[in-house]
Trainee: 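If you scroll down you'll find the structure; I have some questions about it.
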2 protein chains.
Amino acid sequence: MIRVFIVDDHPVVIEGIHALLQHEKDIEWAGQAMNAQSCLGFFVNNTADVVLMDISMPGMEGVELCAVMKEKYPGVMILGLSSFNQGLYIKKMMEHGASGYILKNSSREELIKAIHAVQSGEIYFSGETGQALQEYQKSSMTELPVLSSREKEILGLIAEGYTNPQIAEKIFLSSFTVDSHRKNLLAKLGVKNTASLIRLAVERKLI
Amino acid sequence: MIRVFIVDDHPVVIEGIHALLQHEKDIEWAGQAMNAQSCLGFFVNNTADVVLMDISMPGMEGVELCAVMKEKYPGVMILGLSSFNQGLYIKKMMEHGASGYILKNSSREELIKAIHAVQSGEIYFSGETGQALQEYQKSSMTELPVLSSREKEILGLIAEGYTNPQIAEKIFLSSFTVDSHRKNLLAKLGVKNTASLIRLAVERKLI
DNA sequence: CCCTGAATCACTGTTTCAGGTGAGTGGCTG
DNA sequence: CAGCCACTCACCTGAAACAGTGATTCAGGG
């Protein structure tokens, strides 16, 4: 008998999963919580085998709660649960000790399979989720090089649409100097032109 | 008696809302669908008063389905439903005839209030959602000009870091033509150079 | 049927960017 | 002190981007 507990701030998700699991013979509904506090409160006097945990609760609570839970109760297996296929969240969850991750639009069969898997110590990923994780690791595994403050300043001005001469005038430098910084930016970030540079900068929130 | 139909690709959400509504005396469960096709199929021989519709279904189906439904059955009120507080989606939904929008983590009370509101022709927004919409409209009040499909294609390739000659070779055009499209992009979006162009494109999610 | 607009191509300048190379200063650190 | 690195400046060359102008074709809508 697997005791399942759920933490999610969406009432409909709690209800839905309850409905999906209520006729499973080897699954017992341990309880539910709508936020981190009440989850931790439950585990003071009770326990469960598997916790289904929404990751994208307000304020990143999910990831933190996962860390706290695994520290206090390492025997409790945590299965991440989210509506979206977000590599970033998945990665953080796993770093904090989660045993797997499934999407909320998973089928009843997949949900049950995942619960069994993590309960017996396996790592479970729904297909799409595993893919997203790979994608994520491919695209941002590479550490961003450190940019000097001058470089970041100039990167910002380039993104504003200023040309080298304009930037030079604005911050009292030679346009040769601005050009040097610009070339260093391209080299450091491994891109070939302004378009790639700005795209990377915006997407990785360097500006 | 309000007949409520739900379209959502998440089984748990369907179950959850069903559970939340099943004891409401003046609400009748008209049916459910997990995708746009089966929703449209239902309405061939049946009808409903209010449709709860997930916006963020795979492939933007939600927004499109909303448009089709309102064209075919203008009397059916549509209430957007999503896990996230995304101004962009909300705006698109409303442009396509939706009567309101609530978050999936809304309480049972709010859900029922919203259903009654839209059924009687009102526009309903959950508090947070209204805020997000305002935020969104503030930040991008200036309407984005319409880009042709060719322009969007070339914008994407510029963002990938390709130069005009490379793009020309890639999509079998003259580099003059690519340059023309590029100039049109700059003109339409009101920017002066590639840096501004790409920044705008990434920030406004044109690519 | 005419007008509009997307899409295509062309030519000519000017400006900016990219690549390479080199060099001087000042600060921090092993 | 020697070495590293950020920051600064300089020049040269070729490639790309930007600006302006103009033209053709083709599809769709009033």
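Chain identifiers are assigned alphabetically (A, B, ...) following the order of the sequence lines, protein sequences preceding nucleic acid strands; residue numbering begins at 1 within each chain.
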Trainee: Report the nucleotide, chosen from D/dC18, C/dG19, D/dA17, that has the shortest atom-to-atom distance to any side-chain atom of B/N164.
Mentor: D/dA17
Trainee: If I compare all heavy atoms of A/L81 with all of A/D54, which pair ends up nearest, and what's the gap?
Mentor: O-OD1, 3.0 Å
Trainee: Please report the distance, rounded to the nearest Å, between CG in A/L197 and P in C/dT16.
Mentor: 18 Å
Trainee: How far apart are the closest heavy atoms of A/V50 and A/I115, and which atoms are they?
Mentor: CG2-O, 4.0 Å
Trainee: For the pair A/K70 (side chain) and A/V76 (backbone), establish whether a donor and an acceptor sit closer than 3.5 Å, ignoring hydrogens and angles.
Mentor: yes
Trainee: Using modelled atom types and a 3.5 Å cut-off, is there a donor and acceptor pairing between side-chain atoms of A/N193 and backbone atoms of B/G161?
Mentor: yes
Trainee: Round to a whole Å and report the spacing from CD1 of A/I167 to C1' of D/dC7.
Mentor: 16 Å
Trainee: Is there a side-chain polar atom (N or O) of B/K192 under 4.0 Å from OP1 or OP2 of D/dA19?
Mentor: yes
Trainee: Apply side-chain contact (heavy atoms from CB on, under 4.5 Å) to B/Q119 and B/V4, showing your working.
Mentor: CA-CA 10 Å; B/Q119 199 268 338; B/V4 174; over 6 Å; no
Trainee: Can you figure out which of C/dT16, D/dC18, C/dG19 approaches the side chain of A/L186 most closely?
Mentor: C/dG19
Trainee: Whole-Å distance between D/dA16 P and B/I158 CD1?
Mentor: 14 Å
Trainee: Specify the residues of residues 146-154 of chain A, ordered by number, for which at least one heavy atom lies under 4.0 angstrom from an atom of DNA chain D.
Mentor: A/S148, A/S149, A/R150
Trainee: Would you jot down, in residue-number order, the residues of residues 172-185 of chain B having a non-hydrogen atom under 4.0 Å from DNA chain C?
Mentor: B/L173, B/S174, B/F176, B/T177, B/S180, B/H181
Trainee: Give a yes or no on whether a salt bridge exists between B/R108 and B/E24, defined as a side-chain N under 4.0 angstrom from a carboxylate O.
Mentor: yes
Trainee: Any Lys/Arg nitrogen of A/K113 or A/E110 sitting under 4.0 Å from an Asp/Glu carboxylate oxygen of the other?
Mentor: no
Trainee: Closest approach of B/C66 and B/I78, non-hydrogen atoms and distance?
Mentor: O-CD1, 4.0 Å
Trainee: Thinking salt bridges, do A/R199 and A/E203 make one under a 4.0 Å N-O criterion?
Mentor: yes
Trainee: Taking only side-chain N and O atoms of A/T194, does any of them lie within less than 4.0 angstrom of OP1 or OP2 on C/dT16?
Mentor: no
Trainee: Rounded to the Å, how far apart are A/I198 CD1 and D/dA17 P?
Mentor: 14 Å
